[in-house]
Structure formats: structure tokens, C-alpha cells
Amino acid sequence: MKIMHLGIAVWPSWEVAKSKMWIWSKSIDRFGYDFQYYGVGTKRWPGYRAQKVESQLSWLLLNGYGDATHIHYTDCCDCLMLAPPEEIESKYKAMGSPPMLVQAA
């Protein structure tokens, strides 16, 4: 299993994105995640569907997903990673590796 970690950063600049994601950044640095981000450079908020689905799909079609077999997508300004990537992967496998795992709050 090869996981691409992909996060949303729909803000006008990387400087703004970093200021919004500072707590998120500490959590992924703590556990050694390597996230890729899409959406930087968006001048105004495009709405939920556009930012979470359409922009993500456009980014994946343009950039591809390399040799990844799975994509782990998450928001980055209002959540934290609480375990290292290896633990997340082992728990996913322990659940039987479902074809799609979705959580929303």
C-alpha cells in the first residue's frame, strides 16, 4: 500500500495558508507526514463543492498521483493528525482495507 497524503489549502497565497495551518503543521511534523497541498492561489472562496471536490479532482488530473494506491485527503486548518502514518495504515488494514473510508463531522 502506498498512500498519498493530500490536503486542501484554498487560500490566496502560501503565506496565508501557513498562517491558517500552523497548528496542523505542528501535528504532521510531529509524526513525519509528507503532505501535498492543492488550492494555493485561490483568490476568493469558491464554495464547498468547488474547493473540496472539483479543485481536488483538477489537481489530481493535472499532477497525477504517482505510484499511490490510496489517497488520504483531509482539511488542514481545523483538524490534527494524532498518530504516525504507520499506525493509521495498520488500523485501516485491521478494518479489512475497505475500498472507501469516509468520515465527516
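Only heavy atoms go into these numbers, but all of them, side chains included; no hydrogens, no water, no symmetry mates. Position 1 is the first residue of the sequence, and the numbers go up from there.
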Subject >> For W59 against L6, the heavy-atom pair lying closest together >> reply: CZ3-CD1, 3.7 Å
Report, one line per pair, each donor and acceptor closer than 3.5 Å where one atom sits in a side chain of residues 34-41; sequence neighbours left out.
unit_1 : atom_1 : unit_2 : atom_2 : d
Y37    : OH     : W24    : NE1    : 3.2
Y38    : OH     : Q51    : O      : 2.8

**OP:** Please examine the side chains of H70 and K2, heavy atoms only from C-beta on, and report whether any two atoms are closer than 4.5 Å.
**Re:** no
Original post:
Does one side chain, of D75 or Y73, offer a donor that lies under 3.5 Å from an acceptor on the other?
Top reply: yes
Original post:
Hey, what do you get for SG (C79) to CE (M21), rounding to the nearest 0.5 Å?
Top reply: 10.5 Å
Original post:
What closest approach, in Å, do P84 and Y33 show between heavy atoms, and which atom pair accounts for it?
Top reply: C-OH, 3.4 Å
Original post:
With side chains defined as the heavy atoms from C-beta onward, is the minimum distance between I71 and H5 less than 4.5 Å?
Top reply: no
Original post:
Has W22 got more than 12 heavy atoms of other residues, nucleotides or ligands less than 6.0 Å from its CH2?
Top reply: no
Original post:
Partners of R44 by side chain to side chain donor-acceptor pair (under 3.5 Å), sequence neighbours excluded?
Top reply: none
Original post:
Quick one: do I3 and I88 end up in the same hydrophobic cluster if we chain Ile, Leu, Val, Met, Phe, Trp and Tyr together by side-chain heavy atoms under 4.5 Å apart?
Top reply: no
Original post:
So, does Y92 use its side chain to make a donor-acceptor pair with the main chain of P98 at under 3.5 Å?
Top reply: yes
**OP:** Give the intermediate values and the outcome of side-chain contact (heavy atoms from CB on, under 4.5 Å) for residues I8 and Q56.
**Re:** CA-CA 8 Å; I8 184 172; Q56 183 179 165; over 6 Å; no
Original post:
Roughly how far apart are I23 CD1 and C76 SG, rounded to 0.5 Å?
Top reply: 13.0 Å
**OP:** Write down the atom of S27, the atom of M81, and the distance for their closest heavy-atom approach.
**Re:** OG-N, 3.1 Å
**OP:** Return the minimal non-hydrogen interatomic distance between C77 and W11, and the atom names on each side.
**Re:** CB-CH2, 3.8 Å
Subject >> Verify same cluster id: M1, M95 (apolar side-chain graph, 4.5 Å) >> reply: yes
Original post:
Is V16 reachable from W14 through a run of hydrophobic residues whose side-chain heavy atoms are each under 4.5 Å from the next?
Top reply: yes
Subject >> Separation of K52 NZ from L57 CG (nearest 0.5 Å) >> reply: 15.5 Å
